[in-house]
Participant: 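There's a structure below that I have some questions on.
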Protein chains: 4
Amino acid sequence: MSGAGTRSGAAAAGARGRIDKRWAILDAAFAVFAREGYAQAGVDAIAAEAGVAKATVYNHFGDKETLLRQAVTAHAERALAQNLAAVERLTDRGGELGAMLQDVGYHLLQCYCDERSWALRRLLAAELHQFPDLLDIVQGQVADRVTEALADRLARLALAGRLNTTDALLAAEQFSGLLVGPVEKRSRLGTRQLPDAELRDVVGAAVCTFLRAFAPDGAHARQAGQARQA
Amino acid sequence: MSGAGTRSGAAAAGARGRIDKRWAILDAAFAVFAREGYAQAGVDAIAAEAGVAKATVYNHFGDKETLLRQAVTAHAERALAQNLAAVERLTDRGGELGAMLQDVGYHLLQCYCDERSWALRRLLAAELHQFPDLLDIVQGQVADRVTEALADRLARLALAGRLNTTDALLAAEQFSGLLVGPVEKRSRLGTRQLPDAELRDVVGAAVCTFLRAFAPDGAHARQAGQARQA
Amino acid sequence: MSGAGTRSGAAAAGARGRIDKRWAILDAAFAVFAREGYAQAGVDAIAAEAGVAKATVYNHFGDKETLLRQAVTAHAERALAQNLAAVERLTDRGGELGAMLQDVGYHLLQCYCDERSWALRRLLAAELHQFPDLLDIVQGQVADRVTEALADRLARLALAGRLNTTDALLAAEQFSGLLVGPVEKRSRLGTRQLPDAELRDVVGAAVCTFLRAFAPDGAHARQAGQARQA
Amino acid sequence: MSGAGTRSGAAAAGARGRIDKRWAILDAAFAVFAREGYAQAGVDAIAAEAGVAKATVYNHFGDKETLLRQAVTAHAERALAQNLAAVERLTDRGGELGAMLQDVGYHLLQCYCDERSWALRRLLAAELHQFPDLLDIVQGQVADRVTEALADRLARLALAGRLNTTDALLAAEQFSGLLVGPVEKRSRLGTRQLPDAELRDVVGAAVCTFLRAFAPDGAHARQAGQARQA
DNA sequence: GATGAATGAGTATTCATTCAT
DNA sequence: CATGAATGAATACTCATTCAT
């Protein structure tokens with residue numbers, strides 16, 4: 001057993017080493033691509049940051065383009081998971097609507113303000129012309145799905161009579177716009193870190209406006225206003 | 001007089017030639033930078049697109065960085081002028097509020113959806129790390145000033161009792177968010193041209209939501225809803 | 001007369017202006033060529049140092065090569081005149097031989113150590129391969145003629161029985177070698193300015209050695225040794 | 001053992017290949033720098049002459065300046081070794097003084113007249129202003145040390161009563177001057193190859209003059225004169 | 001599979017030279 | 001004639017990619 005164990009252990013360690021290296025390269029690649037842009041990013045720099053030799057990068061990914069796509073895909077999936085988790089906090093069973101929207105909005109903005117999310121969006125914007133398929137990966141696989149998920153939840157709330165809208169997708173887009181618009185301006189495209197209090201204020205204002213527009217009657221709006229003060 | 005005219009005409013033609021070339025270079029530079037990104041953009045390509053020799057580019061602008069900054073600055077100024085003109089359509093003397101907001105929002109979104117505006121924002125996002133001062137040029141000199149101007153007009157409407165808000169800047173940010181959020185998603189970062197009808201729908205929805213939240217009483221909201229149908 | 005004077009004066013002033021500019025360019029060219037080397041020297045820099053526009057340089061000299069040759073020729077002539085003046089201090093009528101040699105040697109070394117002479121030799125060495133004809137200008141027109149002139153004078157001294165040599169040219173070469181060899185080493189190729197006292201010492205030692213070898217009898221050698229002490 | 005041998009052999013071949021390439025580049029660089037001057041020399045040309053790709057040059061030396069310094073240093077060391085070997089032929093045990101000086105002088109001049117030595121001096125003169133540290137490498141590390149070594153040997157001869165001088169360094173400088181002065185003029189800065197007979201004549205004349213000046217009595221001088229005839 | 005060395009294609013920048021004024 | 005502007009050719013240096021070990 002020890003012999004077999006040793007061998008399989010060695011093999012496992014080797015596989016683990018390979019996988020670790022693969023992830024190290026992907027992380028380094030994303031970091032360098034985001035920091036320098038695709039053209040400016042050197043494979044040298046990526047290899048150095050990953051702690052491997054340049055040729056190893058090519059052994060794993062073949063060429064620079066593939067590396068970009070894989071790195072973006074990996075980080076897009078991470079972002080998608082985080083955002084969906086945030087959306088799922090919104091249920092029709094849950095308690096008071098304003099508080100729940102505040103909670104969801106806050107977590108969505110935290111995803112949005114994550115350093116790596118800013119990097120992902122900047123990278124996407126930067127390389128749109130040269131790599132249009134990145135748009136499908138990021139916008140299609142992530143952003144749209146998050147909006148759809150949010151729309152689903154809003155639709156269930158509307159069905160339950162707790163929201164007054166017939167176009168749940170538009171409502172979801174507008175809720176996002178109310179959250180993201182102010183933040184994009186104030187954080188100067190992710191350059192400045194917003195203090196948590198300001199973030200909560202933005203969320204509160206968004207929820208307040210959203211409820212005034214979409215709550216079945218005026219009562220909720222006032223409650224939301226109170227939630228914002230808290 | 002004709003002699004003097006001839007001379008000054010010749011001199012003017014010379015100066016005109018220089019100025020024309022300068023503008024040709026700036027336009028070509030902006031186009032190529034936006035299409036390829038700073039690092040990927042070749043000065044060769046810029047010169048070719050401008051119809052001048054590469055060295056002429058260097059005679060005028062010294063180096064690639066300066067060329068980028070000048071091109072961005074020039075186009076930022078153009079965008080600023082257009083946006084301010086749009087905002088100025090919002091007066092406290094004007095007619096029905098919903099119709100006016102619809103008009104302003106539509107023109108603002110037209111500015112926003114201009115191909116060169118998308119290019120400017122993408123370029124800014126792409127080169128933020130390498131040229132942080134571009135942020136001051138674009139965000140500080142343009143976006144913020146437009147929001148401030150919009151806030152000014154909203155504040156006057158609030159003073160006139162036609163809007164119900166105490167934080168005009170926040171209201172302006174939210175109005176922008178309601179306009180821009182849906183558009184950014186639907187046009188896939190400017191990749192897809194939105195049909196005019198869809199654009200008007202987005203504006204109508206934004207105005208409707210905005211008025212429900214900020215109109216002094218429910219009457220306006222209903223009017224806005226009707227405006228949206230029209 | 002005043003009219004003609006004015007006109008010719010104007011013409012003269014114009015011509016003077018042209019000539020002045022020509023000399024300014026030649027001086028600037030020599031300075032820049034010597035400082036930077038032919039390839040590295042920019043016509044821009046020369047024009048700037050001469051205080052004229054770049055195109056003016058081309059109006060006067062046609063191209064960079066011509067400019068180099070003219071500048072070198074001009075300064076070679078200057079150096080030739082200085083060196084010949086030094087050699088002519090050596091006469092067969094003059095007083096004590098050692099003192100005269102000391103005087104000639106000192107003035108020759110002063111020519112040799114002139115900043116512009118170092119520059120001329122460095123420039124010649126640098127551009128030998130690309131412009132072999134400079135060698136004829138500098139070596140043939142200057143250095144050789146100085147050595148010949150010195151040989152002439154030494155020959156007359158030998159005829160007068162005051163020197164003991166049959167090959168005056170060789171004697172002249174050796175005298176030069178005794179002067180120049182130590183100086184070239186000590187001044188580090190003209191980088192370091194030799195103090196006047198050290199210069200005189202070198203001359204004294206050269207004269208002393210020269211006389212010991214070439215004086216008809218030992219008496220002169222001793223006198224030269226005394227001259228060196230003084 | 002054969003396996004190990006194979007491996008080390010392969011490794012050695014690899015290392016040898018690198019070293020060979022390094023030397024090929026250094027030689028090519030020196031040749032091209034000497035032929036064209038630093039500014040004019042293209043790294044392309046150097047790489048081509050070395051038979052490697054341009055990037056390989058940069059992999060080995062980083063930039064053009066470093067390449068120049070390394071090439072000069074390498075060839076300066078070579079020249080130093082040759083010159084010191086020549087000086088060491090001068091011993092106080094050896095036979096007749098005139099013959100020994102003739103031998104040393106001849107070998108020193110052969111070093112001096114080596115094509116690469118001329119190239120080294122020309123290159124030094126050419127690039128003095130831009131790379132003043134080359135002076136330390138060539139003058140300080142080579143020329144001065146050779147003169148010092150020669151002075152050492154002359155001093156031992158003086159101690160042994162075979163030379164009459166109290167300043168061995170000056171004597172060494174003058175001996176060099178007597179050798180080099182005539183040669184520099186006759187070979188036209190290394191442009192013309194001196195025939196061996198003329199070289200020997202120059203050495204003979206130098207030794208003759210030197211001994212007349214520094215031999216303890218007249219006897220040696222006459223012997224040297226005879227040596228020159230031989 | 002991981003690495004160091006080698007390479008060829010590409011790019012920003014400079015500069016001698018010309019032309020219109 | 002003196003000039004400012006324009007240009008084409010040349011060059012140092014970089015980098016993605018491949019190959020031998």
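Chain identifiers are assigned alphabetically (A, B, ...) following the order of the sequence lines, protein sequences preceding nucleic acid strands; residue numbering begins at 1 within each chain. We use all heavy atoms of the structure for the numbers below, so side chains are in, but hydrogens, waters and symmetry mates are not.
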Participant: Taking atom P of dA16(F) as reference, at what distance in whole Å does atom CD of Q130(A) sit?
Facilitator: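 After rounding, the gap between these two atoms is 12 Å.
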Participant: Need to verify one output field. Residue with the more 5' nearest nucleotide on DNA chain F, T56(B) or A39(D)?
Facilitator: T56(B)
Participant: Do E49(A) and R35(A) meet the salt-bridge criterion of a basic N to acidic O distance under 4.0 Å?
Facilitator: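 The answer is yes: the pair qualifies as a salt bridge.
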Participant: Below 4.0 angstrom from OP1 or OP2 of dG1(E), is there any side-chain N or O of H60(A)?
Facilitator: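 Answer no for this pair, as no side-chain N or O of H60(A) is under 4.0 Å from OP1 or OP2.
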Participant: Atom CG of L124(D) and atom CG of L120(D): how far apart are they, to the nearest 0.5 Å?
Facilitator: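 So the CG of L124(D) and the CG of L120(D) are separated by 7.0 Å.
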Participant: Quick check: do E127(C) and F33(C) have side-chain heavy atoms less than 4.5 Å from each other?
Facilitator: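 E127(C) does not reach F33(C) side chain to side chain.
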Participant: Expressed in angstrom and rounded to an integer, what is the separation of I46(B) atom CD1 from dT11(E) atom C1'?
Facilitator: 12 Å
Participant: Please report, rounded to the nearest Å, how far the C1' atom of dA12(F) is from the CD atom of E36(D).
Facilitator: 16 Å
Participant: Decide yes or no for L26(D) and F61(D): does some side-chain heavy atom of the first lie under 4.5 Å from some side-chain heavy atom of the second?
Facilitator: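 Yes; the side chains approach each other to less than 4.5 Å.
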Participant: Answer yes when R122(B) and E115(B) have at least one side-chain N-carboxylate O distance shorter than 4.0 Å, and no when they do not.
Facilitator: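 A salt bridge links R122(B) with E115(B).
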Participant: Provide, to the nearest angstrom, the distance between the CD atom belonging to Q40(A) and the P atom belonging to dC15(F).
Facilitator: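 Distance check: Q40(A) CD to dC15(F) P gives 7 Å.
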Participant: Would you mind classifying the nucleic acid contact of A41(B) as base, sugar-phosphate or nothing, using non-hydrogen atoms under 4.0 angstrom?
Facilitator: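 Result for A41(B) = sugar-phosphate.
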Participant: Provide, to the nearest angstrom, the distance between the CG atom belonging to L67(B) and the C1' atom belonging to dT13(E).
Facilitator: 13 Å
Participant: For the residue pair T66(C) and D63(C), confirm or rule out a side-chain donor-acceptor distance under 3.5 Å.
Facilitator: yes
Participant: Show each protein N/O and nucleotides 17-20 of chain F N/O combination with a separation under 3.5 Å, one pair to a line.
Facilitator:
from    : atom 1 : to     : atom 2 : distance (Å)
dT17(F) : OP2    : Y58(A) : OH     : 3.0
dT17(F) : OP2    : K64(A) : N      : 3.1
dT17(F) : O4     : K54(A) : NZ     : 2.9

Participant: Less than 4.5 Å apart, side chain to side chain, heavy atoms only: is that true for R116(D) and R78(D)?
Facilitator: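 The answer is yes, as the side chains (C-beta and beyond) meet within the 4.5 Å cut-off.
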Participant: Check whether any side-chain heavy atom of Y38(C) sits under 4.5 Å from a side-chain heavy atom of E65(C), and report yes or no.
Facilitator: yes
Participant: On DNA chain E, does the nearest nucleotide to G51(A) precede the nearest nucleotide to N59(D) from the 5' side, or the other way round? Give the residue.
Facilitator: G51(A)
Participant: Under 3.5 Å for both distances, Watson-Crick or G-U wobble, that's the pair rule; now give the dot-bracket for DNA chain F, with | marking pairs to another strand and [ ] for crossing ones.
Facilitator: .||||||||||||||||||||
Participant: Calculate the interatomic distance between L68(D) atom CG and dA12(F) atom P; express it in whole Å.
Facilitator: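 The answer, rounded to whole Å, is 13 Å.
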Participant: Enter the distance from D133(C):CG to L128(C):CG here, rounded to the nearest 0.5 Å.
Facilitator: 10.0 Å
Participant: Separation of F61(C) atom CZ from dA16(E) atom P, in whole Å?
Facilitator: 16 Å
Participant: Rounding to an integer number of Å, can you tell me how far R22(C) CZ sits from dC1(F) P?
Facilitator: 13 Å
